[in-house]
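Below: the structure, in C-alpha cells.
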Amino acid sequence: MTNATLRAADAIRILNDEFRRTFVGGVVLLTAGVEALPETSRRSLLKKVREFETFDADNDPHGEHDFGAFEEGGEKFFWKIDTYDRDMAAHSPDATDPSVTTRVLTIMLAEEY
C-alpha cells in the first residue's frame with residue numbers, strides 16, 4: 001500500500017468509527033429480519049454495533065472498520081458501512097470527505113446478506 005492509500009484508510013476508519021459509535025452523520029438501516037425482532041433485541045444489537053472492536057485481517061482487510069459480525073441470542077448478525085454521494089445515487093467520490101459522503105450503516109441477520 002502506498003502512503004496515500006494508508007492515509008485514506010486511516011481517515012475512512014476514523015470517520016466510520018465515529019459514525020458507528022454515535023450513529024450521527026449518516027443513515028442507519030435495519031433489515032426486515034432485524035426489524036421483526038423484539039425491541040429489546042434491537043436495542044441490544046445497536047449497542048453491540050456501537051461497541052464492536054473485534055477487527056482483524058479477515059473482517060477488515062483494508063483497515064477501514066466498515067464491517068463486523070457477531071452473535072446474539074443464538075443468531076449471527078452482520079453490520080456494514082457503505083459510502084455514497086450526498087444524493088445517495090452512487091458511491092462517494094471521496095469517502096474521506098464528509099461534505100461529499102453519506103455513510104449508511106446496515107444491520108442484518110447473516111442469512112439476509
Side-chain angles (χ1 to χ4, degrees):
M1 272 190 194
T2 67
N3 284 341
T5 302
L6 288 174
R7 284 192 300 272
D10 290 343
I12 292 168
R13 180 178 57 251
I14 290 166
L15 291 166
N16 284 346
D17 282 345
E18 182 179 329
F19 172 50
R20 179 179 48 80
R21 290 178 183 141
T22 65
F23 298 154
V24 174
V27 177
V28 177
L29 300 175
L30 305 178
T31 60
V34 172
E35 189 62 40
L37 296 171
E39 183 178 347
T40 55
S41 296
R42 292 192 312 268
R43 284 185 186 168
S44 179
L45 293 175
L46 293 170
K47 184 176 188 292
K48 282 192 168 192
V49 170
R50 283 185 164 131
E51 296 175 350
F52 188 88
E53 293 294 333
T54 315
F55 296 102
D56 57 37
D58 288 335
N59 68 13
D60 192 32
H62 303 291
E64 295 179 351
H65 290 191
D66 61 353
F67 176 84
F70 58 88
E71 290 193 15
E72 167 86 10
E75 297 270 7
K76 187 158 188 164
F77 293 89
F78 295 153
W79 61 265
K80 173 79 174 108
I81 296 175
D82 294 296
T83 54
Y84 295 94
D85 64 14
R86 296 304 272 171
D87 294 328
M88 294 183 60
H91 289 286
S92 172
D94 181 359
T96 67
D97 183 354
S99 72
V100 299
T101 302
T102 298
R103 284 182 157 67
V104 177
L105 187 150
T106 305
I107 303 170
M108 67 197 88
L109 286 158
E111 66 194 44
E112 293 177 299
Y113 187 69

Practice problem: Indicate yes or no for a side-chain donor-acceptor contact from Asp66 to the backbone of Ile12 under 3.5 Å, with no hydrogens or angles considered. | Solution: no
Quiz item: Going from OG on Ser44 to CZ on Phe77, what distance comes out if it is rounded to the nearest 0.5 angstrom?
Solution: 8.5 Å
Exercise. Give the cluster check for Leu30 versus Leu37: same hydrophobic cluster or not, with ILVMFWY residues linked at side-chain heavy-atom distances below 4.5 Å.
Key: yes
Exercise. State yes or no: do Trp79 and Val28 share one hydrophobic cluster built from I, L, V, M, F, W and Y residues joined by side-chain heavy-atom distances below 4.5 Å, directly or via other members?
Key: yes
Practice problem: Heavy atoms only: give me the nearest Phe78-Ala69 pair and the separation to one decimal. | Solution: CD2-CB, 3.5 Å
Self-check item: Inter-residue atom distance Thr31.OG1 - Tyr113.OH, 0.5 Å rounding
Solution: 13.0 Å
Quiz item: Do the side chains of Phe67 and Leu29 join up, straight or via other hydrophobic residues, at under 4.5 Å, putting them in one cluster?
Solution: no
Self-check item: Arg21 atom CZ: more than 12 heavy-atom contacts under 6.0 Å
Solution: yes
Self-check item: Joint cluster assignment, Leu105 & Leu45, ILVMFWY side-chain distance < 4.5 Å
Solution: yes
Practice problem: Grab the two heavy atoms, one from Leu109 and one from Val34, that are nearest each other, plus how far apart they are. | Solution: N-CG2, 3.7 Å
Self-check item: Distance-only polar pair, side chains of His65 and Asn16, donor-acceptor under 3.5 Å
Solution: no
Quiz item: Is the backbone N or O of Gly63 less than 3.5 Å from a side-chain atom of Arg13, with the two atoms forming a donor-acceptor pair by type?
Solution: yes
Quiz item: So which heavy atom on Pro98 is nearest to which on Leu15, and how close?
Solution: CG-CD2, 3.8 Å
Self-check item: No-hydrogen, no-angle side-chain donor-acceptor test under 3.5 Å, Thr83 and Ser92
Solution: no
Quiz item: What do you reckon, is CD of Glu18 surrounded by more than 12 foreign heavy atoms closer than 6.0 Å?
Solution: no
Quiz item: Roughly how far, to the nearest 0.5 Å, is OG1 of Thr102 from CG of Asp85?
Solution: 7.0 Å
Quiz prompt | Val49 to Arg20 - nearest heavy-atom pair and separation | solution = O-NH1, 3.0 Å
Self-check item: Arg50 side, atom CZ; Thr22 side, atom OG1 - distance, nearest 0.5 Å
Solution: 7.5 Å
Exercise. Please indicate whether Phe23 has more than 12 foreign heavy atoms, meaning atoms of other residues, nucleotides or ligands, lying under 6.0 Å from its CZ.
Key: yes
Practice problem: Find out whether Met88 and Val104 are in side-chain contact, i.e. whether some heavy atom of one side chain is under 4.5 Å from a heavy atom of the other. | Solution: yes
Quiz item: Between the side chain of Thr101 and the main-chain N/O of Asp97, is any donor-acceptor distance below 3.5 Å?
Solution: yes
Quiz item: Between atom CZ of Phe70 and atom OG1 of Thr54, what is the distance when rounded to the nearest 0.5 Å?
Solution: 10.0 Å
Practice problem: Could you tell me whether Arg42 and Glu72 have a side-chain N and a carboxylate O separated by less than 4.0 Å? | Solution: no
Exercise. Hey, can you tell me if His91 and Tyr84 have their rings parallel, tilted or perpendicular (30° and 60° cut-offs)?
Key: parallel
Quiz item: Is the closest basic N to carboxylate O distance between Asp10 and Arg7 below 4.0 Å?
Solution: no
Self-check item: Over all atoms of both residues, closest heavy-atom pair of Ile107 and Leu46
Solution: CD1-CD2, 3.5 Å
Practice problem: For Asn59 and Phe52, work out which heavy atoms get closest and say how close. | Solution: ND2-CZ, 3.9 Å
Practice problem: Answer whether the closest heavy-atom distance between the side chains of Phe19 and Ile81 falls below 4.5 Å. | Solution: yes
